[in-house]
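Residue numbers begin at 1 in each chain, while the letters A, B, ... track the order of the sequences.
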Amino acid sequence: MRSADSDLIARWRAEPAPLLGLLHAFHERDGHLSDEALHAVAEGLRMSLADLYGTVEFYHHFSREAGGRDAPRVCGGPICKTRGSDALLAELDGASPMPCAGRCDEPIPVLCGGEVLVGTPGGGLRAAPTPLPPPNPDGLEECCFARVREAGRATLAGYGGSYRALARARELGGEALLSELDASGLVGRGGAGFSTARKWRAVREAAGGPKTIVCNADEGEPGCFKDRVLLDHDPHAVLEGMAVAAEVTGATRGFVYLRYEYPHTQAVLERAIEEARGELGEFELNVRRGAGAYICGEETSLLNSLEGAHPFPRNRPPFPVTHGFEGTPTAVNNVETLASVPPIVERGADWYAGLGLGKERGTKIISLSGDVRRPGNYEVPIGFSLTRLLFDWAGGPGDGRGLQAITMAGLSGGFLGPGDFDATLDEPCLKARGSFLGAGGVMVFDDRRDMVDVARQAMAFFADESCGKCFPCRIGTQRLTERLAGVAGPTQAEAWKAEVGAIGDTMSQLSACGLGIAAPLITESLLRLFPERVDEALARR
Amino acid sequence: MTGTTPTGAASNRLTLDGETVAFEEGESLFELARRHGDAVSSLCFDDRLEPLGACRLCAVEVEGQARPVASCTTLAHAGMVVRTRTADLERHRRILTDLIVSENPTGAAIDSLRGSASQELAQLAGRYEADGRRFGGARSGASRADDANPMILRDYDHCISCYRCVRICSEQQGDDAISVGGRGFRTRITTEFDGLLADSACTFCGQCVQTCPTGALADRRALEHAETPGELAATRSICPYCGVGCSLDILTKGERIVGVRPAPDGPANEGALCVKGQFAWEWVQHPDRLTNPLVRKDGELVEASWDEALDRAAEGFREVAAAHGREAVYAVASGRAPHESAYTIQKLVRVCFQTNQIDNCSRS
Ligand SMILES: Cc1cc2nc3c(=O)[nH]c(=O)nc-3n(C[C@H](O)[C@H](O)[C@H](O)COP(=O)(O)O)c2cc1C
Ligand code: SF4
Ligand code: SF4
Ligand code: SF4
């Protein structure tokens with residue numbers, strides 16, 4: 001082994017969760033992951049070379065070809081497609097497409113090695129800071145965004161100089177904090193909506209350790225770009241949320257699992273952690289970057305990824321709260337969930353709960369993008385009117401256009417049509433419409449868009465990102481994509497619809513994780529809302 | 001599997017398809033259901049492996065759960081109400097089987113000489129009348145015609161990504177020679193750098209072959225006898241190659257050996273073999289094999305009768321013993337000799353030569 005290689009290995013072997021960090025170190029140093037690098041890593045971390053090879057291949061962004069790391073990757077997400085990402089891709093030498101990179105409110109993002117530039121076809125590329133959320137149009141009180149627009153907020157000084165919520169948490173003690181959190185009604189903002197208090201209580205009461213807090217900053221859902229704003233502009237809120245979680249659960253170590261497509265954010269986080277050392281005490285925090293895999297946002301796949309294993313989701317039970325990172329009790333929480341915690345601790349459960357409308361408690365950030373005049377992140381009271389968000393806050397469609405459809409939960413909630421625009425943004429209402437709020441990504445399509453093709457793109461995304469572990473999802477996403485693309489399957493409309501419905505039904509019932517369960521909402525809602533579009537598409541074939 | 005029910009404590013009972021049944025501590029719903037009939041099937045399950053919950057064919061309904069659960073990864077709990085035979089489940093299983101067969105429509109043509117489990121997919125397809133016409137589309141997996149090793153055929157056109165091969169290589173054999181590459185529909189079984197098995201950590205134990213439910217991994221030596229006429233028969237025996245004593249079944253067609261299978265119930269090996277027991281049997285019927293004794297005459301080996309050959313051997317042994325004492329005789333039995341011959345040779349050495357200088361080549 002070359003001595004430079006052994007130095008890298010010696011450095012990373014001493015760290016927790018070393019594999020991803022070590023692979024990134026080689027990837028950055030050499031511009032790709034060479035055979036020699038993989039040999040060195042396998043030997044250094046005592047892994048099977050075959051396993052390592054298969055695992056490296058699992059990730060979208062690890063390149064095995066010389067210079068591959070720095071070759072441009074152009075976002076091919078549904079919104080960027082409408083803005084000409086195919087043309088931009090053709091303009092750039094050696095460029096390849098990547099799935100939605102979480103900048104749907106900006107020009108098209110292009111990942112170039114260690115930085116993300118944005119641009120449009122014919123317009124060149126430039127660096128751009130993460131946009132701040134537009135001011136709340138009705139002046140409604142916010143939780144996560146309340147102070148995010150303050151200058152210097154990303155520094156500890158700008159954050160207020162110290163972790164005051166953490167200090168208060170230490171005064172209150174775990175039980176009192178859990179009651180407070182429970183009363184606030186805070187539930188997970190990463191998609192599944194599980195009660196944060198219950199999750200933390202389970203970790204607190206679980207036997208064994210050391211306990212672990214994981215901040216899920218994988219934000220891989222197309223159309224979601226809310227976590228990046230919080231991480232870039234208010235990192236201390238997220239870190240403090242993690243520290244409070246550690247205080248409640250007794251965890252001594254924490255990881256931020258950051259998606260590969262946010263390279264700049266890694267530096268922001270590392271700087272913030274450095275600044276916060278004095279605040280964090282015994283709580284050891286590390287950032288680990290993913291390498292391009294939507295499924296790694298699923299918490300058990302994420303844990304496998306952190307551990308350096310093949311990132312298939314795990315079977316549950318046991319759940320991460322008892323058997324998480326390296327088999328220890330672990331709380332995995334979304335960025336937004338964690339960022340909500342310090343304000344709740346400081347201002348109380350009643351305040352937070354009171355931000356919601358009607359029976360609903362708290363707020364939710366909606367990443368709004370596509371065919372509206374003012375795309376961006378909006379923090380809305382839960383229970384807020386969808387129409388008001390789409391038309392009053394975001395300005396509705398462009399001149400002379402009508403809105404045809406929106407997606408919910410990024411892509412995972414399928415489509416809603418104009419008939420659903422009277423809905424409110426809360427799970428009970430959206431569930432009744434056959435969808436869900438999830439992580440809060442809403443992509444808007446006006447009447448120019450070919451919804452069958454949008455559905456095809458969505459299903460192709462799920463097929464590309466299916467981990468391949470379970471049969472209904474692995475084969476089903478492929479078969480549905482083929483049928484939406486018209487390359488296989490029945491050509492007669494009734495037969496087509498019956499077949500697509502049958503495949504989707506079995507996928508949603510039998511798939512092992514949320515990806516395969518949710519993916520058929522795309523076809524289900526397409527068939528429900530746009531049967532004539534499907535007929536037309538089939539007639540054209 | 002028979003429908004016997006273990007005697008369990010009253011608390012170890014649940015409702016299975018309307019009947020109260022007892023379960024054993026730590027038993028999965030799959031194992032329980034299997035003891036009570038054949039409603040539930042699986043393609044990714046192997047008793048020796050950690051359940052993976054990949055194929056989802058073993059889905060059952062558990063009251064209180066929003067969706068069917070994979071019975072192989074769900075432990076039985078007291079008071080559970082489990083259904084394995086509902087119309088919904090049967091519909092999902094049929095669709096799932098159709099989906100699987102849609103990318104492996106040739107399942108019925110798989111020769112059973114490929115491996116112990118090679119008929120599992122074909123049987124499932126038969127059960128659900130899946131012929132590959134429904135849900136057609138792209139097929140996954142590409143056979144590795146370039147991997148010309150003489151033992152394991154890597155015919156991944158038939159692969160359904162159940163990962164039994166990868167898991168058995170890791171969990172049972174400890175070689176970790178093969179792994180899962182890519183993801184989603186493009187998932188494939190690979191070695192490091194997509195290389196050949198011979199260049200990998202593979203020890204050619206053949207366990208992946210025997211657990212593969214589609215015949216995608218196949219015993220190449222056995223397959224050479226696909227066209228050999230005769231009824232396939234199996235004879236239980238014990239591998240003579242070393243002291244582990246693995247149980248195996250010798251497959252024959254007529255007078256010819258056509259393959260070897262590990263015995264799943266072998267007390268020493270529980271369905272495992274190593275490369276020797278699994279693949280080293282062809283020499284039995286090799287044309288170069290001696291079928292007559294040879295003696296040396298004027299420096300040339302020539303055919304002789306058994307009487308002549310035995311006389312010559314006895315004469316030689318007597319001379320050596322007379323000149324150097326009985327300890328001068330030492331016998332090494334061949335690992336390729338049957339157990340009966342090994343027994344006889346030690347008897348010969350101990351009784352006739354009165355020494356205990358007897359060994360076997362595969363002892364070391
Ligand atoms: C396919 C899939 C992708 C997911 N991606 C993310 C993600 O990028 N970020 C996230 O926070 N949660 C994601 N989740 C949800 C996580 O599994 C988990 O529920 C969440 O991180 C828990 O945090 P919370 O309770 O704070 O929401 C995903 C789930 C699935 C099934
Ligand atoms: S549903 Fe899809 S992504 Fe989830 S485990 Fe199954 S194959 Fe993997
Ligand atoms: S080769 Fe056989 S055992 Fe291995 S994954 Fe494919 S079908 Fe399963
Ligand atoms: S040689 Fe191999 S197969 Fe034969 S008994 Fe020994 S371990 Fe078993």
Side-chain angles (χ1 to χ4, degrees), chain A residues 35 38-39 42 47-60 64 293-295 310-317 462-483 487-490 499 502-503 505-512 515-517, chain B residues 43-44 50-57 59 66-70 72-75 88-89 91-96 98-100 102-103 134-138 140 160-163 166 169-170 175-195 200-202:
Chain A
D35 288 6
L38 294 193
H39 275 284
M47 291 180 70
S48 138
L49 191 50
D51 266 359
L52 177 64
Y53 177 75
T55 298
V56 162
E57 262 206 343
F58 188 92
Y59 297 103
H60 189 86
R64 298 259 304 121
Y294 168 59
I295 194 61
H310 201 77
F312 280 164
R314 299 175 181 173
N315 296 314
R316 285 145 300 176
F462 288 125
D464 282 342
E465 300 294 335
S466 161
C467 78
K469 172 180 166 180
C470 78
F471 289 27
C473 169
R474 178 171 52 82
I475 311 172
T477 50
Q478 170 75 19
R479 290 291 178 261
L480 291 181
T481 306
E482 290 165 350
R483 275 138 190 82
V487 297
E499 182 162 309
I503 295 172
D505 180 35
T506 293
M507 280 171 69
S508 70
Q509 289 301 301
L510 296 197
S511 289
L515 191 156
I517 292 169
Chain B
L43 285 173
C44 66
E50 280 291 311
L52 184 65
C55 76
R56 317 305 284 180
L57 281 159
R67 270 178 289 273
V69 300
C72 67
T73 57
T74 308
L75 291 184
D88 279 344
L89 285 173
R91 176 168 45 86
H92 290 312
R93 291 170 186 155
R94 184 174 298 271
I95 288 173
L96 198 45
D98 274 321
L99 281 170
I100 299 164
S102 75
E103 58 147 337
R134 199 173 177 201
F135 306 146
S140 70
I160 56 170
S161 298
C162 70
Y163 312 127
V166 174
C169 187
S170 171
D175 282 347
D176 291 304
I178 50 178
S179 63
V180 182
R183 66 185 184 205
F185 198 69
R186 290 161 287 118
T187 295
R188 63 189 200 294
I189 305 303
T190 186
T191 61
E192 59 214 47
F193 308 115
D194 281 321
S200 77
C202 173

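Taking all atoms of both residues into account, the shortest heavy-atom contact from A:Glu465 to A:Ile295 is O-CB, 4.0 Å. The nearest pair of heavy atoms linking B:Arg186 to A:Asp464 is NH2-O, 3.4 Å. Taking both residues in full, the closest heavy atoms of B:Leu52 and A:Asn315 are given as O-ND2, 3.0 Å, listed atom of the first, atom of the second, then distance. When all heavy atoms of B:Pro68 and B:Leu89 are compared, the pair lying nearest together is CB-CD2, 4.0 Å.
When side chains are defined from C-beta on, B:Glu103 counts as touching A:Arg479, because their heavy atoms get closer than 4.5 Å. Residues A:Leu480 and A:Met507 are in side-chain contact: their nearest non-hydrogen atoms beyond the backbone lie under 4.5 Å apart. Taking 4.5 Å as the limit, some side-chain heavy atom of B:Ile95 sits within range of a side-chain heavy atom of B:Phe135.
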Item to check | Step-by-step side chain to side chain contact (heavy atoms under 4.5 Å, CB included) determination, B:Arg91 to A:Asp505 | outcome: CA-CA 10 Å; B:Arg91 176 168 45 86; A:Asp505 180 35; 2.6 Å; yes
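Only the side chain of A:Ile517 comes within contact range of chain B, judged by heavy atoms closer than 4.5 Å. Of the two parts of B:Asp175, neither the backbone nor the side chain holds a non-hydrogen atom closer than 4.5 Å to a non-hydrogen atom of chain A. A:Tyr53 touches chain B through its side chain: at least one heavy atom from C-beta onward sits under 4.5 Å away, while N, CA, C and O do not. Contacts of A:Glu482 with chain B are made by side-chain atoms alone, with heavy-atom separations under 4.5 Å and no backbone atom involved. For B:Ala177, the part lying near chain A is the backbone, with the side chain staying farther off; criterion is any non-hydrogen pair under 4.5 Å. Residue contact with chain A, scored on non-hydrogen atoms closer than 4.5 Å, involves the backbone of B:Thr191 exclusively. In this structure, chain B has a heavy atom under 4.5 Å from the backbone of A:Ala463, while its side chain stays farther away. Heavy atoms of A:Tyr59 lying under 4.5 Å from chain B belong exclusively to its backbone. Both the backbone and the side chain of B:Phe185 come within less than 4.5 Å of a heavy atom in chain A.
Of the listed residues (A:Gly489, A:Pro490, A:Ser511), the greatest number of heavy-atom pairs within a distance under 4.5 Å of chain B belongs to A:Ser511. When A:Arg474, A:Glu57, A:Arg314 are compared by the number of non-hydrogen pairs under 4.5 Å with chain B, A:Arg474 comes out ahead. Between chain A and the options B:Leu96, B:Ile160, B:Ile178, B:Thr73, the largest number of non-hydrogen pairs under 4.5 Å is found for B:Ile160. Note on A:Gly468, A:Ala50, A:Ala488, A:Ala42: by heavy-atom pairs under 4.5 Å with chain B, the leading option is A:Ala50. Of the listed residues (A:Arg316, A:Lys469, A:Arg64), the one with the most heavy-atom contacts under 4.5 Å to chain B is A:Lys469. Each of B:Cys55, B:Ser102, B:Ala201 has some count of heavy-atom pairs under 4.5 Å with chain A, and the biggest count is that of B:Cys55. Between chain A and the residues B:Ser161, B:Ser170, B:Gly195, B:Cys44, the largest count of heavy-atom pairs under 4.5 Å involves B:Ser161.
Here the side chain of A:Thr506 pairs no donor or acceptor atom with the backbone of A:Ile503 at under 3.5 angstrom.
For the atom pair CZ of B:Arg183 and CZ of A:Phe58, the computed distance is 5.5 Å after rounding to the nearest 0.5 Å.
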